[in-house]
**Student:** 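If you scroll down you'll find the structure; I have some questions about it.
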Amino acid sequence: MSRSRLFAVAFGSFAFALAGCGAGGGKSVSASDFGGDWPLLVDEGTLDCDGGAVTFESEDGTTYAVNGTAMTVKPELPDIGEIWADDPDTSGLKKSMILIDEGLEICQ
């Protein structure tokens with residue numbers, strides 16, 4: 001098989017895999033769902049995933065890129081760092097971003 005044909009097959013398989021991980025319709029999440037583990041400065045919003053890109057729409061309607069994939073494929077979105085809470089136990093660190101795993105579950 002030629003090199004260009006191999007690339008086309010590999011790229012096609014990759015694109016197909018991403019297509020299977022499309023927008024999941026979103027999931028409402030809130031601080032009350034996660035208790036003290038809630039990592040954001042806002043109390044609730046909608047978590048979504050499209051092609052591995054996890055996003056969070058806050059109460060005010062702003063949609064943030066949550067993971068690296070979202071930051072790469074949706075560069076127009078603000079970074080979740082704008083509303084990411086500091087870790088009260090460790091100076092200079094942020095709370096664990098548990099919303100990434102939650103969001104990736106939407107893609108499945």
**Student:** To the nearest 0.5 Å, what is the distance between CH2 on Trp38 and CG on Asp43?
**Tutor:** 8.0 Å
**Student:** Do Glu102 and Phe34 make a side-chain contact, defined as non-hydrogen atoms from C-beta onward lying under 4.5 Å apart?
**Tutor:** yes
**Student:** Which atom names give the shortest non-hydrogen contact between Gly26 and Thr46, and what distance separates them?
**Tutor:** CA-CG2, 4.0 Å
**Student:** Taking all atoms of both residues into account, what is the closest heavy-atom pair of Ala70 and Ala53, and its distance?
**Tutor:** CA-CB, 3.6 Å
**Student:** Who passes salt bridge (Lys or Arg N to Asp or Glu O under 4.0 Å) against Asp86, sequence neighbours left out?
**Tutor:** Lys94
**Student:** Less than 4.5 Å apart, side chain to side chain, heavy atoms only: is that true for Phe56 and Val42?
**Tutor:** yes
**Student:** Throw together a table of side-chain donor-acceptor distances under 3.5 angstrom for residues 73-85, partners on residues two or more places apart or in other chains.
**Tutor:**
unit_1	atom_1	unit_2	atom_2	d
Asp79	OD1	Gly81	N	2.5
Trp84	NE1	Lys95	O	2.7

**Student:** Ignoring hydrogens and geometry, is there a side-chain-to-backbone donor-acceptor pair from Thr62 to Ser58 under 3.5 Å?
**Tutor:** no
**Student:** Looking only at non-hydrogen atoms, find the nearest pair between Gly103 and Cys49 and report the distance.
**Tutor:** O-CB, 3.1 Å
**Student:** Work out which heavy atom in Thr69 is nearest to a heavy atom in Gly51; give both atom names and the distance.
**Tutor:** CG2-O, 4.0 Å
**Student:** Checking the side chain of Asp101 only, and the main-chain atoms of Ile98 only, is there a donor and an acceptor separated by less than 3.5 Å?
**Tutor:** no
**Student:** Contact between Leu47 and Ile106 at the side-chain level, heavy atoms closer than 4.5 Å - yes or no?
**Tutor:** yes
**Student:** Do the side chains of Val54 and Asp48 get nearer than 4.5 Å, heavy atoms only?
**Tutor:** no
**Student:** Determine the minimum heavy-atom distance between Asp89 and Asp87, stating which atoms define it.
**Tutor:** N-OD1, 2.7 Å
**Student:** As an exercise, state the distance from CG of Leu40 to CD of Glu59, rounded to the nearest 0.5 Å.
**Tutor:** 10.0 Å
**Student:** If we only count heavy atoms from C-beta on, is the Val66 to Met97 side-chain gap below 4.5 Å?
**Tutor:** yes
